[in-house]
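Just below is one structure, and these are the notes that go with it.
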Amino acid sequence: MERSTSDDDGVTAEPRVLRRDEWDTWYGTLIRAFSGVPEPAEELALYRELTQVDRSIGVWEDDGEGGACVGTAGAFAFRMTVPGGALVPAAGVTMVSVAATHRRRGVLTSMMRRQLDDVHAWGEPLAVLTASEPAIYGRFGYGAATFALNAEIDTSRVRLSVPAGTDDVRLRYEAPADVLDACEEVYARLVPGRPGMLARRPGWERLALLDPESGRDGASPLQCVLARRDGEVTGYARFRVRPAWGSEGPKGTVVLDDLAGLDPATEATLWRFLFGIDLTSTLAVRGRPVDEAWQYQVSDVRRCRPELRDSLYVRLVDVGAALAARTYQAPVDVVFEVEDAFCPWNAGRWRLSGDAKGASCERTSDAADLALSVRELGSAYLGGVSLGSLGAAGRVREVRSGALAAASVGFGSDVAPWLPHGF
């Protein structure tokens, strides 16, 4: 769930931890900041249940008339895959808003200050978020670390070439709720293999089943097909179909919600199925991995109209612990001079030594090899943004000749990082 709006200087009141009986008012402040359109009852109930109240804060201003909530922020306790496959604690920053009456008073800054102090005290080395407005969070040390692929595929003109093995995969329609556990087992098996994926906490799997009629935009209720090979579930696709007709005949759209496969043949079988649904001529794809194989199986990528957009923003809350938690695809031995005015405990020099087996990152007085801010470390952390590119952009300064190229290779990832769902 993408939740964030902005402010600037002159705080009105200090943030404090939310109480459960204040949730409706607190969440109402958030909804109003995002235009005030009410959410469907089932979605509202689920987010009330998922909210971790003891990790949520608000700014309440005493105006002499009982007080008013003027700022909101939450932080889910997630575990996120990092290069090497480890699951690392990460605070999922969400539900951030400032009342329009209280912008430019430092409300957001005060909440970010309190929140990052809390995350540090909880011992979580990372904070992550999705941003409604990307310009807001760089000043708090968050860097764009993953990207997502959108596409509008003209399935009447584009053909898909699939690899060997698809004949062994069988698909069957299933009721989405009936096979939720099977789909979650597939998802869980995929989590360690791709940086940026989140191990789902209990209850989060139900987000996939939210299907209010008001959110369908004329499409069908949620549909699901399950893929099996030799009796084992190997993948699934969840989607809707939006019917449409023109003078030349049917021109419906398949709207993909989610697709997962444990192997290339299963993935290709699911994509082929979506391409071939009767009475449709478009497949609408949102938020997919940027390295997904279907892009190289299509006959005409231009008619897929691919579009890239930013997705997950990463903030290193504890530089040493975060850099030591991942592995590196080539040996690295580099001293970073880190700038971090907002979390000064990170500022200074850190020596990172690591390879594909593990890493250590400790304070050092040795001369710096590279100088950068914590925002650049966040962008490069999952391996989807290269330190070399950041250097070319003037955001990483090479102090020792050759250090940038070596570190850039080490920080890379063979698999593009990806955030599978919002929060």
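- When each of Val290, Asp291, Val285 is checked for a side-chain contact (heavy atoms from CB on, under 4.5 Å) with Arg288, only Val285 meets the rule.
- Annotation: Phe78 is in aromatic contact with Trp204 [ring centroid separation under 6.0 Å].
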**Message:** For a side-chain contact (heavy atoms from CB on, under 4.5 Å) check, start with the C-alpha distance between Phe147 and Val385, then their side-chain angles and the critical distance, and finish with the verdict.
**Reply:** CA-CA 9 Å; Phe147 293 83; Val385 176; 3.8 Å; yes
**Prompt:** For Arg139 and Thr109, what are the C-alpha separation, side-chain angles and deciding distance, and is it a side-chain contact (heavy atoms from CB on, under 4.5 Å)?
**Reply:** CA-CA 10 Å; Arg139 60 191 169 116; Thr109 300; 3.7 Å; yes
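- Counting heavy atoms from C-beta outward, Arg48 and Glu43 have side chains that stay 4.5 Å or more apart.
- Residue Leu370 forms a side-chain contact (heavy atoms from CB on, under 4.5 Å) with just one option from Leu352, Val338, Val335, Val334, and that option is Val334.
- Checked by atom type and distance alone, the side chain of Thr72 pairs as donor or acceptor with a backbone atom of Met95 at under 3.5 Å.
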**Message:** Please determine whether side-chain contact (heavy atoms from CB on, under 4.5 Å) holds for the pair Arg238 and Leu222, giving the CA-CA distance in whole Å, both sets of side-chain angles, and the decisive distance to 0.1 Å.
**Reply:** CA-CA 7 Å; Arg238 290 187 284 237; Leu222 187 66; 4.1 Å; yes
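- Taking all atoms of both residues into account, the shortest heavy-atom contact from Gly196 to Leu382 is CA-CD1, 4.0 Å.
- The backbone N or O of Ala347 lies less than 3.5 Å from no partner atom in the side chain of Asp340, so there is not a single donor-acceptor pair.
- Residues Trp122 and Arg55 have side chains in contact (heavy-atom distance under 4.5 Å, counting atoms from C-beta outward).
- Summarising the geometry, atom CD1 belonging to Ile31 is positioned 11.5 Å from atom CG belonging to Asp24; distances are rounded to the nearest 0.5 Å.
- No more than 12 heavy-atom neighbours from other residues, nucleotides or ligands sit within 6.0 angstrom of CZ on Arg302.
- Checked by atom type and distance alone, the side chain of Trp345 pairs as donor or acceptor with a backbone atom of Val317 at under 3.5 Å.
- Checking side-chain atoms of Arg309 against main-chain N and O of Leu149 turns up no donor-acceptor pair under 3.5 Å.
- Within the 3.5 Å criterion, the main-chain N or O of Phe140 finds a donor-acceptor partner in the side chain of Arg315.
- For the pair Leu190 and Gly261, the tightest heavy-atom approach, listed with the atom from each and the gap, is CD2-O, 3.6 Å.
- Taking the six-membered ring for Trp and thresholds of 30 and 60 degrees, Trp23 and Trp26 have ring planes inclined between 30 and 60 degrees apart.
- The environment of Arg157 atom CZ is sparse: at most 12 non-hydrogen atoms of other residues, nucleotides or ligands sit within 6.0 angstrom.
- Using modelled atom types and a 3.5 Å distance limit, the side chains of Tyr187 and Asp258 yield no donor-acceptor pair.
- Here the two rings, on Tyr313 and Tyr137, have centers that are 6.0 Å apart or farther.
- Put simply, the side chain of Arg194 never gets that close to the backbone of Pro417: no donor and acceptor are under 3.5 Å apart.
- Leu126 places none of its side-chain heavy atoms less than 4.5 Å from the side chain of Asp318.
- Interatomic distance, SG of Cys343 versus NE2 of His120, reported as 8.0 Å (0.5 Å rounding).
- Rounding to the nearest 0.5 angstrom, the gap separating the OG1 atom in Thr146 from the CH2 atom in Trp418 is 10.0 Å.
- Within the cation-pi definition used here (under 6.0 Å to the ring centroid, within 45° of the axis), Arg32 does not qualify as a partner of Phe34.
- A cation-pi arrangement, defined by a distance under 6.0 Å to the six-membered ring centre and an angle within 45 degrees of its axis, is absent between Arg349 and Phe336.
- Residue Asp414 qualifies as open at atom CG: its count of foreign heavy atoms under 6.0 Å is 12 or below.
- The shortest non-hydrogen separation linking Arg216 to Pro212 is CG-O, 3.5 Å.
- Shown here is Arg79, whose CZ atom has no more than 12 heavy atoms of other residues, nucleotides or ligands within 6.0 Å.
- Looking at Thr81, its side chain does come within 3.5 Å of a backbone N or O of Val191 through a donor-acceptor pair.
- For the atom pair CZ (Phe411) and OG (Ser386), the distance works out to 11.5 Å, reported to the nearest 0.5 Å.
- The side-chain contact (heavy atoms from CB on, under 4.5 Å) test with Thr266 is passed by exactly one of Val169, Val186, Leu259: Val169.
- At a cut-off of 3.5 Å, with distance as the only test, no side-chain donor of Ser401 or Glu398 sits close to an acceptor on the other residue.
- What you find for Pro420 and Met197 is that their closest heavy atoms are CD-CA, 3.9 Å.
- The backbone N or O of Thr253 sits nowhere less than 3.5 Å from a side-chain atom of Thr282 that would complete a donor-acceptor pair.
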**Full working for side-chain contact (heavy atoms from CB on, under 4.5 Å) between Ser379 and Leu390** = CA-CA 9 Å; Ser379 290; Leu390 293 170; 4.2 Å; yes
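- A side-chain donor-acceptor contact under 3.5 Å links Glu292 and Trp294.
- Between Phe423 and Phe76, the two ring planes are perpendicular [angle over 60°; tilted spans 30° to 60°].
- Here Glu337 contributes atom CD and Asp366 contributes atom CG; the two are 11.5 Å apart, rounded to the nearest 0.5 Å.
- Remark: Arg16 CZ is packed, more than 12 non-hydrogen atoms of other residues, nucleotides or ligands lying under 6.0 Å away.
- With contacts defined as side-chain heavy-atom distances shorter than 4.5 Å, the pair Val107/Val59 qualifies.
- Annotation for Ser413 and Pro195: closest pair OG-CG, 3.8 Å, computed over non-hydrogen atoms.
- Note: Leu129 CG to Gln115 CD = 8.5 Å, rounded to the nearest 0.5 Å.
- Between Met80 and Leu312, the closest side-chain pair of non-hydrogen atoms falls below 4.5 Å.
- Looking at residues two or more places apart in sequence or on another chain, you find no salt bridge (charged side-chain N to carboxylate O under 4.0 Å, His left out) involving Arg397.
- Judged by distance alone, with hydrogens and angles left aside, the side-chain atoms of Asn150 form a donor-acceptor pair with the main-chain N or O of Gly287 at under 3.5 Å.
- With contacts defined as side-chain heavy-atom distances shorter than 4.5 Å, the pair Tyr47/Thr94 does not qualify.
- For Thr166 (side chain) and Val162 (main-chain N/O), no donor-acceptor pair under 3.5 Å exists by modelled atom type.
- Minimum heavy-atom separation, Asp355 to Pro331: CB-CA, 4.2 Å.
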